[in-house]
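This report refers to the structure that appears directly beneath it.
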Amino acid sequence: MEYRHKDIEQRWQQFWKDNKTYKTEIDNGRPKFYVLDMFPYPSGAGLHVGHPLGYIASDIFARYKRLRGFNVLHPMGYDAYGLPAEQYAIQTGQHPEVTTRENIARYRSQLDRIGFCYDWDREIRTCDPGYYKWTQWAFIEMFNHYYDTALNKAMPVASLVGHFEEKGSDGINAAATKTLHFTADQWKAMDEKQKSDTLMNYRIAYLGNTMVNWCPKLGTVLANDEVSEGVSVRGGYPVEQKLMYQWCLRVSAYAPRLLDDLDSVAWSDSIKETQRNWIGRSEGAEMQFKVKDSDVEMTIFTTRADTVFGVTFMVLAPESKYVDMITTADMRDAVKAYRDEIKHKTERERMIDKKVSGVFTGTYAVNPLSGKEIPIYVSDYVLAGYGTGAIMAVPAHDSRDYAFARHFNLPVIPLIEGADVSEQSFDAKEGKMINSCGPELDLNGMDVKDAIAATKKFIEEKGIGKIKVNYRLRDAIFSRQRYWGEPFPVYYKDGVPHMFGLDNLPLHLPEIDKYLPTESGEPPLGRAEGWKTQEGWPLELNTMPGFAGSSAYYLRYMDPHNDNELVSAEANGYWRNVDLYVGGTEHATGHLIYSRFWNKFLYDLGKVCENEPFRKLVNQGMIQGRSNFVYRIKDTNTFVSFNLKKGYDVTPIHVDVNIVSNDQLDLDAFRKWRPEYADAEFILEDGKYICGWAVEKMSKSMFNVVNPDDIVERYGADTLRLYEMFLGPIEQSKPWDTNGIDGVNRFIKKLWNLFYKGDTLLVNDEKPSDEALKSIHKLIKKVTADIENFSYNTSVSAFMICVNELGALKCHSREVLADLLVLLAPFAPHVSEELWHAIGNGGTICDAQWPQWDEKYLKEANVNYPVSFNGKPRFNISVPADMPAQEVQKLALENEAAAKWIEGKTVRKVIVVPGKIVNVVVG
RNA sequence: GGUCGAAUGGUGGAAUGGUAGACACGAAGGACUUAAAAUCCUUUGGCCAUUGCGGCUGUGUGGGUUCGAGUCCCACUUCGACUACCA
């Protein structure tokens, strides 16, 4: 029998399906293990060979854990809402649901061919009503809760209302949009609308007027993580700032916990660091600056309280509320002109335009420590959304303030000894303070760090300001002016928002005629006939953003068909949270923050039992494309081979990598590829046409997309799986290069040849030789350690070595080969299963037991090698790590081989490095 | 600008501080074959020596720690990823 991958893989995939081999149930008798992939957005282009990388890695781990006796939950589903389907719908009129369903079917068929061990009975799609019911439910719960900053958890809004009725706003500990002051009587006097507006200030899901990233081209608002460098991540369209009334989630309330709990998860340092930066904790002080000849006091935030004596001006964000309060009559026109100019600039234009701009308000403030008067400016380099939207400018020690000061010719006062500020600011927080003495506070001579502390203490005592921790993390904007997303379970009664009851969920997405905004500029849902409650109250027209459906999906897999709860306490109590999460780093500041927030919120409500959703995170690298080029001689249809192109004037042209093999072009296929190449001529080297290559993004336009289906067709899923792992470390980005896949394919054939010669099964029950046992036990040890460390590439190498060794030893022992198959089963499940049955096993290899290595087969002589060192002969002996130094020295002197080596020479020195090695230097 | 990471043959990549280049691809030579494919064997970092079985050199650059550094420390160069007017 020959190795026929198609036959084998099809047969076992069917077997697993028929026998529901991968169906998972709660089993209190076994420990659980939850392995999860970031579920894909089913795009129209289908999977390319880069997508399954992470899926294969997690599949190996899931299969491995199962072989080690764990009850493994390994589900898959689809992040089905999203912009591309909607854009496609706008262009073609096709319902996004239709295209989404088609795309999912395509994904599924591609995934199925690779042989994953998913429990497909647990599949979820975010656009299924049975799923988004719970997305809507979570939103309602967020609406009904506020964040208590003293208890550090979400609490029901009802208890807040109780407090208001007794004491008004006095003594509340609630995360809020702004600080409100009202008495119990004032609260009671409010009408329904006023009460609603007041509570919005505290709700975790709230309606607020916020500065949003508005993308005119997409006609929708985008979250911060959906915008990069001033353009939309999807589509790359310009994004501008706009004040809009939107649903928001008070993610910022969770900032301290999101930051602190990073310490408790096993994620890579780099992704934790990315989240820390995104959350952006900074310790500083809020300080009051009085405006001259006015009652207005402006609050600013600074992390450099020590530099207050160097403040030579102040700057307000153009959107700051203070601007209108303080601008003098004669400056009003200039300020208005500046603000209008800024408003019409997109975020991108603001960023590209690094020119300093701003305008004087005509007003002065008073430095609270020095008493000096300083001018107040408006400039767009101060952001409305961070801190208080107002700053004290210290040009000597902040580069942005410095640029502004130079442009407007404002004074620069250095505050640190020896700082040269003639060319640029001195931003470092080090040195001794100078020029920092006021009527009540003298910082001169202090170290910067001490000065910061001293100033903070002083301003707090004097009531000029207070110590404040600021976070960069903003609340998430939760409204999208789109069709293809979860509808909000919200209706408006006389303009006041109300939530649906759980009994009325899910609120289904309505049908509409076109997927465009209405004539009056309302979101697409404005087109839906009868989009109102039975009583006639209008429903919310926005839909939820992409991250809504993906924030709690890992919980739903635990109990996907439960119609009464997101997840039952039993299912959640058993599966708890994700033990291993595999996915790309691109979600560091989006999905991975939102999910953690969402989970913490549900944790506060007692709905889930773990504080963090993902224990361990592995970020697989991106697979880039490897493009091939042919070189056409200018103005001809002649192509010159790569190494001969010198001396010709050539144009490199991308050529489809699928008609190139080992960088050698298939000439006939090339002529057939496109009509204009039908009569192409070639200048060959050694009878071959060799193509050039480059690493680029994998995309259709570069003709470097490799479809996993083609690889599976030609080499089989097992080869694809092994080869993807063999390419290199899982976390590293690397180009896909089909060159080399033959080596892995050869390995499987060699493995096959250990079992079969022709149709004869070679396997016997003879006792394996010591060498064979050593080889297999070495492999067991290596593969076990590698899987635990995700070093799958070296595992594949280890398999190759072992199979080569067993082949050379002519070992066909059932005992050894059975172990080999179990080890290989996570990597190449089909061929392992096939051979597992061939050697007389029943059931499925998925239920086999992971073998254990025995050190006795691995013993090495502890004497190594003579080497030279600095010209002096030397002898090294390896010793066990825990051997005491004295014994090591004794061993070295008694060692037979060492003695032989030392014989006749003078022992100059015996160097004992405890636990490591002994060097006997002779000479 | 900030943060993190990387740099090893023609290529992908191995090396708990202990014989650098495992394994694989590619290449060269050979066996089998009428021939090709497939398969198998040998060689393969560089330089020198190859009827002397060996010698020298070598992990981006320069320093340091160490008996010993690809690995640890410092500085630099280059590349990549993420992020960015966050006061």
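First the proteins, then the strands, lettered A, B, ... as listed; each starts at 1.
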Given C85(B), A14(B), C23(B), identify the nucleotide with an atom nearest to the side chain of Ser797(A). C23(B)
For RNA chain B, what residues of residues 733-743 of chain A have any heavy atom nearer than 4.0 Å? Lys734(A), Asn739(A), Gly740(A), Gly743(A)
So which one's nearest nucleotide on RNA chain B is more toward 5', Asp401(A) or Arg626(A)? Arg626(A)
Under 4.0 angstrom, heavy atoms only, what part of the nucleic acid is Gln732(A) near: base, sugar-phosphate, or nothing? sugar-phosphate
Readout for nucleotides 35-45 of chain B: B = base within 4.0 Å of protein heavy atom, S = sugar-phosphate only, - = neither; 5' to 3' it is ----SS-----
Sequence-distant partners of Lys782(A), salt bridge (Lys or Arg N to Asp or Glu O under 4.0 Å), two or more places apart: Asp786(A)
What's the CE-C1' distance between Met800(A) and C25(B), to the nearest Å? 10 Å
Under 3.5 Å, is there a donor-acceptor pair between the side chain of Ser641(A) and the main chain of Ile690(A)? yes
Heavy atoms, side chains only, cut-off 4.5 Å: are Glu286(A) and Thr302(A) in contact? no
Of the listed nucleotides (A15(B), C85(B), C86(B)), which one gets closest to any side-chain atom of Asp380(A)? C85(B)
Output the single nucleotide from C4(B), C23(B), C86(B) whose closest atom is nearest the side chain of Tyr386(A). C86(B)
NA contact type, Phe799(A), heavy-atom cut-off 4.0 Å: base, sugar-phosphate, or nothing? nothing
Sugar-phosphate, base or nothing in reach of Asn793(A), heavy atoms under 4.0 Å: sugar-phosphate
Looking at Asp427(A) and Arg400(A), is any side-chain nitrogen of the basic one under 4.0 Å from a carboxylate oxygen of the acidic one? no
Among U3(B), A14(B), A87(B), which is the nearest nucleotide to the side chain of Thr794(A)? A14(B)
Hits for salt bridge (Lys or Arg N to Asp or Glu O under 4.0 Å) against Asp668(A), two or more places apart or cross-chain, chain-then-number order -> Arg671(A)
Backbone of Ile271(A) reached by a side-chain donor or acceptor of Ser268(A) within 3.5 Å: yes
How would you label the contact of Ser270(A) with the nucleic acid (heavy atoms, under 4.0 Å): base, sugar-phosphate, or nothing? sugar-phosphate
In this structure, how many angstroms lie between the C1' atom of G2(B) and the CH2 atom of Trp278(A), rounded? 14 Å
May I have the distance from Glu283(A) (atom CD) to A87(B) (atom P), rounded to whole angstrom? 12 Å
Spacing of Glu731(A) atom CD relative to G13(B) atom C1', expressed in whole Å: 16 Å
Applying the ring pair (Phe, Tyr, Trp, His ring centres under 6.0 Å) criterion to Tyr377(A), which one of Tyr322(A), Phe408(A), Tyr338(A) satisfies it? Phe408(A)
Hey, does the side chain of Tyr471(A) come within less than 4.0 Å of C86(B)'s phosphate (OP1/OP2), counting only N and O? no
Aromatic ring proximity, centroids under 6.0 angstrom, Tyr471(A) and Trp278(A): no
Which ranges of RNA chain B pair up as stems, where a stem means three or more consecutive Watson-Crick or G-U pairs with both distances under 3.5 Å? B:1-7 with B:77-83, B:10-12 with B:23-25, B:26-31 with B:39-44, B:45-48 with B:54-57, B:60-64 with B:72-76
Looking at residues at least two apart in the chain, or sitting in another chain, which of them share a salt bridge (Lys or Arg N to Asp or Glu O under 4.0 Å) with Asp306(A)? Arg304(A)
Selected nucleotide, minimal atom distance to Ile391(A) side chain, candidates G13(B), A87(B), C4(B): A87(B)
Do the charged groups of Glu341(A) and Arg339(A) touch, with an N to O distance under 4.0 Å? no
So Asn804(A), base contact, sugar-phosphate only, or nothing? Heavy-atom distance under 4.0 Å. sugar-phosphate
Is the shortest side-chain heavy-atom distance between Asp475(A) and Ser252(A) below 4.5 Å? yes
Shortest side-chain distance from Tyr381(A), nucleotide among A15(B), C85(B), C86(B): C85(B)
Could you tell me if the side chain of Ile464(A) sits less than 4.5 Å from the side chain of Leu369(A), heavy atoms only? yes
Do Leu617(A) and Val265(A) make a side-chain contact, defined as non-hydrogen atoms from C-beta onward lying under 4.5 Å apart? no
Base of G10(B) relative to its sugar, syn (within 90° of 0) or anti? anti
Which part of the nucleic acid does Leu727(A) contact within heavy-atom distance under 4.0 Å: base, sugar-phosphate only, or nothing? sugar-phosphate
Identify whether any heavy atom of Arg474(A) sits under 4.0 Å from a base atom; if not, whether one sits that close to sugar-phosphate; answer base, sugar-phosphate or nothing. base
How many whole angstroms separate atom CD1 of Ile690(A) from atom P of A27(B)? 8 Å
